[in-house]
Amino acid sequence: MALIDTFLRKQVRRGQLTVTHAGGRAVTFGTPDPAFPDVAIRFTDAGVTGRIVRHPALGAAEAFMDGKLVIEQGDIRDLVNLLKSNSPWEQGGGLNPALPIRLAGQLIHRIDRINMARRSKKNVAHHYDLSDRLYDLFLDADRQYSCAYFTDSANPLEQAQADKKAHIVAKLLIQPGMRVLDIGCGWGGMALYIYQKTGAEVLGVTLSEEQLKVARARAEAAGVADKVRFELIDYRAVTGQFDRIVSVGMFEHVGPAHYGAYFRKCRDLLTDDGVMLMHTIGRMGVPGVTDSFTTKYIFPGGYNPALSEIVKGYEGTKLFPTDIEVLRLHYALTIDHWYDRTVAAKDAIVALYDERFYRLWTFYLAGAAEAFRTGGMCNYQVQLSKNRLTVPLTRDYIGDAEARLRG
């Protein structure tokens, strides 16, 4: 019996997975279950099975990308869903490699996540400086490349992303005439929204040259470039004072070694009545490591923090934690939309890059969605204030402000 057969027999109990080995031998694992997809795969190279057992995420990803793992029934999302759903995070499940490999991976990850300024720009460019056309194909029209906010799980992506911006801006209590800093401004959507809805002037900072070009062009086209400015600068080099700070989807690139410095910098940039809102992917459990596939192909230097690591980062800064919200399934719903749009745009993506990149991207999205659906990932929105009296005593103001912003 092949080692991978033992591995899959333990992993797949509900739903069926049929595996055809390179030599033609077919084995079926699990039992039919209407709540789980039935999937059939075929290995075209006998050598890949051992690597998958030793390095599940990276081994499976590279076998799929290279055409050595072929899906004959279902698709990559079905395969990831079948494997992950059989071992949800809350039941202690997971695809864990052998102990020596896991320990080696932890050591490498700790070294890699010391994300010094000279490496940050290179890490950001690895992902965000991909072709603009790619992001147009699967994101919403405003290019919100972060977790949307679903007031109803059936809402379309554009509405959920608009609701996300309203939800965040409502928490920031922005007034006309204020100065706002957007750390990791992306393609400028949040900064432009803030000015449009509140009249506050915004400075957006990014390390992506491609994002900077788009953000500046959008501000020019809207005739607000004097009110909404964008700069290619590391947040650590920003100077001045801001009434509000917003950061969406950037903290994942800071690195635990720099959390304290990040929050101290934000404190120094805030006025005495300042408020900040940080939206980040996070772990629902203890601190961990970034999987090898994500580190190698998607976000080098990236790390999703446990809540305890975030709290430890702002402890001692004298910032008041005024609100912490946990978004559980919102990112799974968001990425489902991105996956569907990616599949629909397959021909365009293959023409832009190639088949291997398309398989890489679908594997990334399928795995990411499942990490939020059945894995241990969530999103945290952490609101911090410099003055204990600036934020209202109850959360009622958030809903009221959201309603006004949507209107």
Side-chain angles (χ1 to χ4, degrees), residues 146 164-186 188-206 224 227-231 233-254 258-280 282 305 307 309-325 379-402 404-405:
S146 58
K164 182 264 298 293
K165 288 178 286 187
H167 191 58
I168 289 174
V169 174
K171 291 182 178 183
L172 283 167
L173 298 153
I174 301 173
Q175 299 297 322
M178 284 186 171
R179 294 189 70 218
V180 181
L181 173 65
D182 183 356
I183 300 177
C185 61
M190 179 64 76
L192 291 165
Y193 178 89
I194 289 171
Y195 177 74
Q196 175 195 0
K197 292 293 186 177
T198 71
E201 295 188 11
V202 187
L203 170 64
V205 297
T206 179
V224 298
K227 301 295 184 181
V228 184
R229 297 184 298 110
F230 298 100
E231 299 292 341
I233 185 173
D234 191 288
Y235 76 94
R236 288 165 280 204
V238 175
T239 59
Q241 290 275 282
F242 299 87
D243 303 285
R244 300 291 185 263
I245 295 176
V246 63
S247 182
V248 180
M250 177 272 176
F251 193 70
E252 299 90 328
H253 304 285
V254 171
H258 304 283
Y259 289 170
Y262 171 88
F263 286 111
R264 288 192 297 273
K265 180 65 177 179
C266 289
R267 177 204 61 199
D268 292 344
L269 290 169
L270 283 171
T271 60
D272 289 343
D273 289 324
V275 178
M276 68 174 290
L277 190 288
M278 184 189 74
H279 170 116
T280 181
L307 184 58
E309 294 176 292
I310 298 174
V311 173
K312 185 178 179 180
Y314 67 71
E315 283 180 341
T317 63
K318 298 298 179 71
L319 289 169
F320 291 92
T322 43
D323 193 82
I324 298 176
E325 183 175 5
N379 280 84
Y380 294 117
Q381 287 189 353
V382 180
Q383 182 195 59
L384 298 166
S385 177
K386 210 166 176 181
N387 183 322
R388 73 177 73 219
L389 301 177
T390 303
V391 176
L393 297 182
T394 71
R395 302 182 84 250
D396 297 349
Y397 74 95
I398 300 173
D400 295 341
E402 279 184 82
R404 290 194 298 272
L405 288 164

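For the numbers below, each heavy atom of this structure counts, side chains included, while hydrogens, waters and symmetry mates do not. Numbering of residues begins at 1 and proceeds along the displayed sequence.
- Residues S385 and M276 have side chains not in contact (no heavy-atom distance under 4.5 Å, counting atoms from C-beta outward).
- The NE2 atom of H253 sits 14.0 Å away from atom NE2 of H258, with the distance rounded to the nearest 0.5 Å.
- Taking 4.5 Å as the limit, every side-chain heavy atom of I174 sits out of range of all side-chain heavy atoms of K197.
- In this structure, the side chain of E309 does not engage the main chain of L307 through any donor-acceptor pair within 3.5 Å.
- In this structure, a donor-acceptor pair under 3.5 Å is absent between the side chains of T271 and Q241.
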Please test D243 against V180 for side chain to side chain contact (heavy atoms under 4.5 Å, CB included), starting from the C-alpha separation and ending with a verdict. CA-CA 6 Å; D243 303 285; V180 181; over 6 Å; no
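- Here the shortest heavy-atom pairing between V254 and Y235 reads CG1-OH, 4.0 Å.
- In this structure, R229 and V202 have side chains that are not in contact, with every pair of non-hydrogen atoms separated by 4.5 Å or more.
- The backbone N or O of G186 sits nowhere less than 3.5 Å from a side-chain atom of T206 that would complete a donor-acceptor pair.
- Atoms OH and NZ, from Y195 and K227 in turn, are 5.5 Å apart once rounded to the nearest 0.5 Å.
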Go through the steps for Y262 and M278 under the test side chain to side chain contact (heavy atoms under 4.5 Å, CB included), then give the verdict. CA-CA 11 Å; Y262 171 88; M278 184 189 74; 3.9 Å; yes
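- Applying the salt bridge (Lys or Arg N to Asp or Glu O under 4.0 Å) test to every pair with at least one member in residues 267-277, sequence neighbours left out, gives no pairs at all.
- Of the inter-residue distances, the one linking D400 atom CG with R395 atom CZ reads 12.0 Å to the nearest 0.5 angstrom.
- The residues E201 and R179 are annotated as not salt-bridged, no charged nitrogen and carboxylate oxygen being separated by less than 4.0 angstrom.
- For the atom pair I324 CD1 and Y380 OH, the distance stands at 9.0 Å (nearest 0.5 Å).
- Side chains of Q381 and D323 form no contact here, defined as non-hydrogen atoms less than 4.5 Å apart.
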Side chain to side chain contact (heavy atoms under 4.5 Å, CB included), that's the test. Do L319 and L270 meet it? Break it down for me. CA-CA 10 Å; L319 289 169; L270 283 171; 4.2 Å; yes
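- Here the side chains of L277 and V382 are not in contact, with every heavy-atom distance at 4.5 Å or above.
- Two rings, from F263 and F251, have their centers less than 6.0 Å apart.
- What you find for C185 and F230 is that their closest heavy atoms are SG-CD2, 3.6 Å.
- Closest approach of L172 and I245 over heavy atoms only: CD2-O, 3.7 Å.
- Using a 4.5 Å cut-off on side-chain heavy atoms (C-beta onward), M190 and I168 make contact.
- When all heavy atoms of L405 and A166 are compared, the closest pair comes out as CD1-O, 3.4 Å.
- Nearest heavy atoms, P305 versus T280: CD-OG1, 4.1 Å.
- E402 and R404 are not joined by a salt bridge, as no carboxylate oxygen comes within less than 4.0 angstrom of a charged side-chain nitrogen.
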Going through the distances and angles, do Y314 and L384 end up as a side chain to side chain contact (heavy atoms under 4.5 Å, CB included)? CA-CA 9 Å; Y314 67 71; L384 298 166; 4.0 Å; yes
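- A 4.5 Å side-chain heavy-atom check between Y193 and V169 finds at least one atom pair inside the cut-off.
- The backbone N or O of V238 lies less than 3.5 Å from a partner atom in the side chain of K265, making a donor-acceptor pair.
- Atom NZ of K312 is surrounded by 12 or fewer heavy atoms from other residues, nucleotides or ligands within 6.0 Å.
- Here the shortest heavy-atom pairing between V205 and I183 reads CG2-CA, 3.8 Å.
- Here the straight-line distance linking atom CG of L269 with atom CZ of R264 works out to 13.0 Å at 0.5 Å rounding.
- Ion pairing between E325 and K171 holds under the 4.0 Å rule for side-chain N and carboxylate O.
- At least one side-chain heavy atom of E231 sits less than 4.5 Å from a side-chain heavy atom of L203.
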